[in-house]
Each structure stands twice: as C-alpha cells, then as structure tokens.
**Student:** 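I have a structure here, written as structure tokens, and I will follow up with some questions on it.
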Amino acid sequence: MAPVQADRPPPESPALIPAPEPARPPKAAPGRRAAAAREPTSTLPVARVHVDVPLPHLDRPFDYLVPTAADDAARPGVRVRVRFAGQLVGGYLLERVASSGHDGRLAFLDRVVSPEPVLDPDVARLARAVADRYAGTFADVLRLAIPPRHARVEGEAARDPATGAPPEPAAPPAPAAPPVPAAPPVPAAPAQPAQSAAGDGGWGNYRAGPAFLRALGDGKAPRAVWAALPGEDWPARFAEALGAVHAAGRGGLAVVADARDLDRLDAALTATLGPGRHVALSAALGPAERYRRFLAAARHRVKVVIGTRAAALAPVADLGLVAIWDDGDDLHAEPRAPYPHARQVLLTRAELAGCAALVGGFTRTAEGQQLIEAGWAHELGPDRAVVRVHAPRVAPAGDDAELARDPGAAAARLPTLAWRAARSALGAGAPVLVQVPRRGYLPAVACARCGAPARCRHCQGPLGLPSATGIAACRWCGRAAADHKCDVCGDRRMRASVTGAGRTAEELGRAFPGVPVRTSGRDGVLATVPAEAALVVCTPGAEPVAAGGYGAVLLLDSWALLTRADLRATEEAVRRWFAAAALARPAGAGGQVVVMADGGLAAVQALLRWDAGWLAARELAERRELGFPPAARIASLTGAPDAVADLVDAVALPPAAELLGPVDAGDGQERLLVRTSRATGAALAAALKAGAAVRSARKATGPVRIQVDPLDLL
DNA sequence: TCAATCCGTATC
DNA sequence: ATACGGATTGAC
C-alpha cells in the first residue's frame, strides 16, 4: 500500500463540540480532580480570547473551552486567565461561539478573573482599528484603554461617580445595566451667563452653529471642525453640544489636552447636565478612583465621558458625539505604543459608530483642514463681522522694533509698542498677560536674510546643526547641506536660530514698579487671575483665564517659536499665540495684543486677522507639496542600526514607498522614515506590522519602535 | 533500531 | 516563556 504522507487523524470536521475527553489533566498528574472534572458548556462552549502578550505575531484571538462552572461569568468583555504556551496569562473574552475553526485540541479557560465586562464590544472593534492603523497590537491598545483592575472598587456598591457619595436610594446591582436616569435636564439655553464683553451668542455666533446643535439634538451625525472666537467660553459650548446628545438619550465623549482644561469642562458639564451625569477620566487619578470612574462608564451609569487622551478609548453606550478640544496640543499624542493620537482615535470612533464629531480649537491644525477639504467635516466658523466684534487689536513688533526708552522697559528688552500697551492696560486696572517661550529649543538653521527655516534639497526635511561647530545637515536623511539656497528668497547665507531665552518675571517687575507680578508655568499653573492690574507671566499652555479678559497680551520672543526645527513650528507658534490672545478683551473694550515677530509672516498675519482657517489651508497646501502628513503618510522606525535594517528586510514595503535616512537618533540608535501616499497608508501599516510579526516569531533581537505619523519628524 | 538530544516553531 | 514535533546523533 502507498501510505500517503500522513495527515495525522482522519480529516473530520474541526472540533465542533469536542468530546469531554480532551479535558485530560496537564502533566499526566492524575491527582488533579478539578481539571479532570471540567466539561464544556452545552451551548456556546467556545470562548474567543485575546491573550495579553506583547508579541505581534500572536496578535489574534485564540479559542478556549468554557467549563460549565464558568458558563454564566464567561461573558464577552470579561477578564480571563488562560494557559497559553504553558503559562498562565491574562486575556479578554471577546465572544462566545458554537464552534472553533482551530483543528487542534482546545484548552479550557483557567478561570474568569471577574464577571465585570470591562472590554466593551465597540471598544474592542475600535482598539482593533487603532492597532491596525498604527501598526501596533490589540493588547497594546487595550493597555491604554482599560485601567488596571481594582478588586475592592469592583466590589463596592456603586457610588455617585462625581461626588463619591453613596447613591441616592438603592444602588443597582453590579452586573445588570442600570436604567437610564429618567428625564435628563434639557439644556435649551446655555446654563452659563455670557462672559464676553461684546455680547455672547453662544453657538449662535457661528454660521452653522445653531444647525449643528439642532442636528445633535435630533440624533443626526453632523461632523464639524470648529474655529472658536476670541474670548470664547469653549467649555460651555462643549457642554451644550454634549448636553444636546445627552438630552436625546445618547452618549457623548470629549477629550481635552490637560488637567486644567479638564477641570474647566468638568465644571461646565456639571452646570449643564447637573451633578453625577458624567465622569472625568484622567491618568492623574489614583488607581482606585481611576477604576471607579472607568466602571461608572463601563456599567453605563453615566452616558457622558470626558477626559484626557486615553479617554478617547473609554466605553460609552450608544455614542452620539465625539469631541476634541485643541487638537494641535501635542499632549493628545500618546507616548506609549502604538502611539495613537486622540484625534485620530476619536475620528475612527465616529466612523465606526456613525456618530457626530466635533474638532475644536482657537486654531486649526492641518489635519482639521484636511477633514474639511476632504468633505468629511463641515467648517464651523464665525462671520468676519462677528470676529471684528470679539477680537482684540493685534499689532506686530518685529525684531527691529524700537526698544522702549523707559530704562526699566529697555532692561526688560520691551519694544515701545509692548510697553505702551501694558501701561495703558494696567492704568485701566486690567491684568496684562505676558507669554514667554520655554527655554531649550533645538538649534535649527534658518535663512539669514528672510528667516525661513532651511530645508533639505533632497527630501525637504529641516536642516539642523548637529554640533556647535558642525556643518548644517538634514535631520531626516542625514545629507550635509553643501550648497544651500533658500527656497523663499534664494539667499545662500544661513544662521543658527537662537534658543529662546526666558525673560524673568523680575525684569518685567522692574519695568513696571509697584505692579504685582504673578507667574504661571511648569511649576505651578494658575487657573485664573482676578480682574485687577497685575502682570501675569506664563509659558505657553499655562495661561490663566482672567475674569473679564486681559487688557493686554504680550507675546515675547515670538520669533523664537517660529524658527524651531520642527515641521509644525508655525502651527504650534500660532496655536500658542491664539491661546493667549483669545484671553484678551475685545478691541472695543481696549484689549490689545502685541506679538514680537515680523508682521509680514503668514503666522502673524493669521493672528492679525484672527483667521486660523486661512493659515491651516496654507499649511496643508505646503505639506502636500513637501509630502508631509497629513497629506502623506510617514512611519518612523527607530532602533539599533542592525535591528532597523533587519526590520526593513522583513517588510514587504508597498511599491512607491520611499525610504528617508537613516539618521542618527542618539543613544546608538538610528531612525529611518518610510513615506507613502495617504491612500497607501493602511497597506504600509499592515506591511510594517507583518514585518514586526516575522521578527518577533523568529525571536529577532533588538526592538524597533514603529510610529505612524509621529508628531516630531526630527 | 531505538532512545536521548537538539532545534525550530507554535502557542487555542 | 515552554512544550511539542521532527530531525539528528550515537550506542547497541
């Protein structure tokens, strides 16, 4: 007879309802009654489990048998422990199914850790999409999405998530979803009084504003990119938008950049929805409180969730709206693998849920502009006439501006214009905001004549000075900039753009004797200041809100922000200027802004006209020309040189993928960029993931960090 | 010819 | 990580 190259057992149907027999005890130790006695459940005996291992080639579900004893607890979303490759590992139960496609023997679930479903099916779908988009693993995304378990919190009776007080009459039992609160208050009118001196129409100040709010209330899915007016009480607007979907019985989710913004939104939501209708999630909470609030969302005890970046992955029932404020803030970029950006997570979520989306800020990012130009979202902006009513008067004072003759002001290197603006505001009893760049910017290279950042002739990357004496070289592809010529004016001379020197509060104090000086910065951020004459010195991002607005806002050393060696230097500078300038009184009430940069620069023009959309359109057009995100897709691979090379070998790059570099990334590491078109972005991520899987399967040494569309392209 | 050992690969 | 299958080795 001819023994066919043995297919082991007869190829019968793949393990349908497997015989109880495979429940043999491990290790041939016949003493383990517990294991031997287990039988699979009669219905849906197979659990699809995602094991919590970091290896890319194991990033898929594995099937396990559900023992009868665990039948009730083994529901989708619960944490389980399973034996995987000989050891016990944690995992999440994704779903129960009737049969497995796996044609080997199935092991039993070791145990259900807790009957609490912490992985919402919608979040599971989202996490898969985010992992795919960023060439990362499901497990990595879940680590960001689900806080560590806190057993005591899980056991305690449900509390009021906002106050921590025990619930009103009777706490609903944990596993059952409690009923939605009967009649949530309908925020027909803004709960907050108008704060702007120039009359405040809330969403009515924006062309499509009322229609947007109405659509939210009608359960539709409008999508908008919103450029806020100066002085806008954005937390109140966000609260109204979230309130509108809440009133329609649906859930809402909003993400902000930092704890200060979160506190403001939290307060506005409490005013609009009443206490206990929402939770605020942030990494700053302790483990117990963090898990307590997460559970309030997961159990659907609240339908509105706000928080910092990780909250973009929080469970929200029947999602009606996702929103993000100030999407240009780099805090929205997650620093842990797979490095997702909160904006991208929320937009993906809006797609999956078919819900509304709101991307808001005083400025607009190139990504926001892309959403508008692609027709994905509507533009939500004010009429020019409304802008004129709300905007402060903005004046540029360039590098060559005349220094104030007043000795104190000269010592503080204040131009006359700035000094006068400050003096007149203080004289009127109003506070003055002084924004000073943080110190320590990378030495970049700019055109000596026009100041435009110098770019590589080959790949358009930014030029930098590797060392104080070295020759300028591209920070991306590493090529030396031999015969550089400025793209803008053609000049051949270059200069190092100096690092921003911190102006001290004392210097300013001397310029205005007798005026109190407050500071707000890294160590000690002020949330608000009173409406009285004072100098408020802050670093970008730490601007306190002034009751009634600032009489003057001085943006010092603004040019230093513009010449940073960063793709987003202009966008970032403008974002910081707008954030500060938005706190000034309207021009009609004497509000003035002085920006220390050349009035001819586009960034300064945008501020003068309070037109962030115009700048964003220019910015996006430029990115398109240069082949930068969001017009193109770029992935960066960082690691030891041989490890990076090994990964590139293992990856079947899409055709037309372009390699830039590698360049030295310090610490014996190097960085390689891969550029493709936007349309090829998904294929690029999939290819990189597959390459990483091949490497991890063959236990390749030397990790390589893969980042898709990293913020810092240096 | 068989058992001990090594190596590569899959991990339900 | 570990456990298994198949290949390899070496002693009888």
Side-chain angles (χ1 to χ4, degrees), chain A residues 3-30 32 34-71 73-113 119 124 127-128 131 136-140 142-143 337 646-647 649-650 689-703:
Chain A
V4 188
Q5 195 65 329
D7 275 314
R8 276 122 273 185
E12 17 109 293
S13 59
L16 277 177
I17 315 264
E21 183 220 53
R24 40 133 209 200
K27 287 249 162 154
R32 301 275 306 271
R38 291 195 290 189
E39 270 188 56
T41 58
S42 51
T43 57
L44 304 181
V46 175
R48 315 208 75 206
V49 172
H50 202 105
V51 290
D52 189 16
V53 291
L55 305 171
H57 67 287
L58 301 179
D59 186 21
R60 60 192 169 87
F62 291 88
D63 292 348
Y64 286 84
L65 291 172
V66 181
T68 47
D71 194 11
R75 299 182 186 195
V78 299
R79 295 177 210 259
V80 294
R81 281 188 83 75
V82 294
R83 195 161 287 281
F84 186 74
Q87 56 182 3
L88 276 181
V89 298
Y92 295 92
L93 197 157
L94 300 174
E95 56 175 339
R96 293 276 298 269
V97 292
S99 68
S100 169
H102 181 64
D103 52 1
R105 279 205 189 82
L106 298 188
F108 278 95
L109 294 177
D110 189 76
R111 70 192 169 95
V112 174
V113 173
L119 176 56
R128 186 66 265 167
T137 66
F138 189 73
D140 277 344
L142 289 193
R143 251 191 292 280
D646 183 46
L647 175 60
D649 280 348
K689 170 75 181 298
V694 166
R695 290 191 78 232
S696 80
R698 70 163 129 88
K699 299 193 214 302
T701 51

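Here is how names work: the chains are called A, B, and so on, in the same order as the sequence lines, proteins then strands, and each is numbered from 1.
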**Student:** L106(A) CG to dC12(B) C1': how many Å, rounded?
**Tutor:** 6 Å
**Student:** Given pairs defined as Watson-Crick or G-U wobble with both distances under 3.5 Å, what dot-bracket annotation applies to DNA chain C, with ( ) intrastrand, [ ] crossing, | other strand and . unpaired?
**Tutor:** |||||||||||.
**Student:** Verify the contact: side-chain N or O of R60(A) to OP1 or OP2 of dT11(B), cut-off strictly under 4.0 Å; return yes or no.
**Tutor:** yes
**Student:** Measure the distance from CZ on F84(A) to P on dT11(B) and round it to the nearest whole Å.
**Tutor:** 8 Å
**Student:** What is the separation between atom CZ on R695(A) and atom P on dT9(B), rounded to the nearest whole Å?
**Tutor:** 16 Å
**Student:** Got a second to check how far L106(A)'s CG is from L65(A)'s CG, nearest 0.5 Å?
**Tutor:** 4.5 Å
**Student:** For the pair made of CD in Q87(A) and P in dC12(B), what is the distance, rounded to whole Å?
**Tutor:** 11 Å
**Student:** Do you know which two heavy atoms are closest between A700(A) and D646(A), and how far apart they sit?
**Tutor:** CB-OD2, 3.7 Å
**Student:** Can you tell me the distance, in whole Å, between the CG atom of D59(A) and the C1' atom of dT11(B)?
**Tutor:** 14 Å
**Student:** Heavy atoms only: give me the nearest V694(A)-A650(A) pair and the separation to one decimal.
**Tutor:** CG1-CB, 4.3 Å
**Student:** Locate the shortest heavy-atom distance separating A692(A) from P56(A); write the atom from each residue and the value.
**Tutor:** O-CG, 4.0 Å
**Student:** What is the distance from NE2 of H57(A) to C1' of dA1(C), rounded to the nearest Å?
**Tutor:** 11 Å
**Student:** Using atom CG of L55(A) as one end and atom P of dT11(B) as the other, report the distance to the nearest whole Å.
**Tutor:** 13 Å
**Student:** Is it true that D59(A) and R128(A) have a side-chain N and a carboxylate O under 4.0 angstrom from each other?
**Tutor:** yes
**Student:** Please give, in whole Å, the distance from dT2(C) P to K699(A) NZ?
**Tutor:** 11 Å
**Student:** Got a donor-acceptor pair under 3.5 Å from the side chain of H102(A) to the base of dT11(B)?
**Tutor:** no
**Student:** Does a salt bridge link R96(A) with D71(A), judged by any charged N lying under 4.0 Å from a carboxylate O?
**Tutor:** yes
